[in-house]
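Here the structure is a predicted model, which means the values were calculated and not measured.
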Amino acid sequence: QVQLTESGGGLVQAGASLTLSCAASTSGHSFTDYAIGWFRQAPGKEREFVAAISGLGNTYYKDWEDPTKGRFTISSDNAKNAVSLHIVNLNDGDTAIYYCAADFTAGYDSNWFRAASEEHYDYWGHGTQVTVSS
């Protein structure tokens with residue numbers, strides 16, 4: 001069983017940076033037995049994958065063809081059972097509810113296709129709203 005709580009959202013100006021946090025409470029398994037993903041849902045749109053980090057620390061991003069072009073950085077603090085998503089140069093298109101989710105990988109690594117697929121995530125947080133004003 002995993003409980004996830006997102007925080008860090010709010011109203012920000014375009015061009016600013018923001019760090020979202022996902023705190024996980026796990027029972028029965030270690031935090032590193034899960035891959036943690038971030039998804040977002042903009043108004044009127046389907047939820048989409050943003051980034052994920054495996055229990056082994058490997059990262060996966062929406063722009064997998066060239067991660068260096070991305071504005072998102074995901075990181076984990078295993079001692080605190082937490083994952084952060086840092087977003088730079090925010091724009092209107094980033095306005096959305098951001099969700100973190102946990103995929104039980106039993107300590108094995110994930111891969112991009114699994115990390116980006118909602119169907120593999122068993123636990124979801126309630127989300128945190130990010131609104132970008134221009």
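Sorted by first and then second residue, the side-chain hydrogen bond (donor to acceptor under 3.5 Å, both in side chains) pairs involving residues 2-28 (not counting sequence neighbours) are Thr19-His86.
Residues passing the side-chain contact (heavy atoms from CB on, under 4.5 Å) test with Ala79 are Asp77, sequence neighbours excluded. Take Glu48 and apply the salt bridge (Lys or Arg N to Asp or Glu O under 4.0 Å) test, not counting sequence neighbours, and it matches Arg40, Lys62. Taking Ile97 as the reference, Tyr99, Gln129 meet the side-chain contact (heavy atoms from CB on, under 4.5 Å) condition, with sequence neighbours excluded. Applying the ring pair (Phe, Tyr, Trp, His ring centres under 6.0 Å) rule to Tyr123 yields no partners; only residues at least two apart in sequence or on another chain are considered.
Annotation: side chain of Tyr34 is in contact with side chain of Val2 (closest heavy-atom distance under 4.5 Å). Looking at heavy atoms from C-beta onward, Thr95 lies out of side-chain contact with Val130 at the 4.5 angstrom threshold. Residues Phe31 and Lys80 are not in side-chain contact: their nearest non-hydrogen atoms beyond the backbone lie 4.5 Å or more apart. With a 4.5 Å cut-off on side-chain heavy atoms, Thr73 and Leu85 do not count as touching.
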Under the side-chain contact (heavy atoms from CB on, under 4.5 Å) rule, what do Asp33 and Thr105 come out as? Steps first, then yes or no, please.
-> CA-CA 6 Å; Asp33 285 333; Thr105 57; 5.7 Å; no
side-chain contact (heavy atoms from CB on, under 4.5 Å) evaluation trace for Asp122 with Phe104 | CA-CA 7 Å; Asp122 302 304; Phe104 180 67; 4.2 Å; yes
Kindly indicate, with the supporting measurements, whether the criterion ring pair (Phe, Tyr, Trp, His ring centres under 6.0 Å) is fulfilled by Phe49 and Trp38.
-> CA-CA 6 Å; Phe49 171 69; Trp38 282 96; over 10 Å; no
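The two residues Asn91 and Gly93 have their closest heavy-atom pair at OD1-N, 2.8 Å. Ala115 approaches Tyr121 most closely through the heavy-atom pair O-OH, 2.6 Å. When all heavy atoms of Ile36 and Cys100 are compared, the pair lying nearest together is CG2-CB, 4.4 Å. Among all heavy-atom pairs drawn from Gly9 and Leu20, the shortest one is N-CD2, 3.6 Å. The two residues Gly15 and Asn89 come nearest to each other via the heavy atoms CA-OD1, 3.7 Å.
We find the CG-OG distance between Asn111 and Ser117 to be 8.5 Å, quoted to the nearest 0.5 Å. The distance from the CZ atom of Arg47 to the CD atom of Glu118 is 4.0 Å, given to the nearest 0.5 Å.
Panel note: side chain Arg71, backbone Ile87; no donor-acceptor pair is recorded below 3.5 Å. A donor-acceptor pair under 3.5 Å links the side-chain atoms of Tyr98 to the main chain of Asp94, judged by distance alone. Judged purely by atom type and a 3.5 angstrom limit, Ser76 has no side-chain atom pairing as donor or acceptor with the backbone of Asn78.
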Could you list the donor-acceptor pairs under 3.5 angstrom formed by side chains in residues 52-60, with sequence neighbours left out?
unit_1	atom_1	unit_2	atom_2	d
Ser54	OG	Leu56	N	3.2
Ser54	OG	Gly57	N	3.3
Ser54	OG	Asn58	N	3.1
Ser54	OG	Asp109	OD1	2.8
Asn58	ND2	Asp109	OD1	3.4
Asn58	ND2	Asp109	OD2	2.3
Tyr60	OH	Asp109	OD1	3.1
Tyr60	OH	Ser110	O	2.9

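For an aromatic pair to be called close, the ring centres must be under 6.0 Å apart, and Tyr61 with Trp112 fails this.
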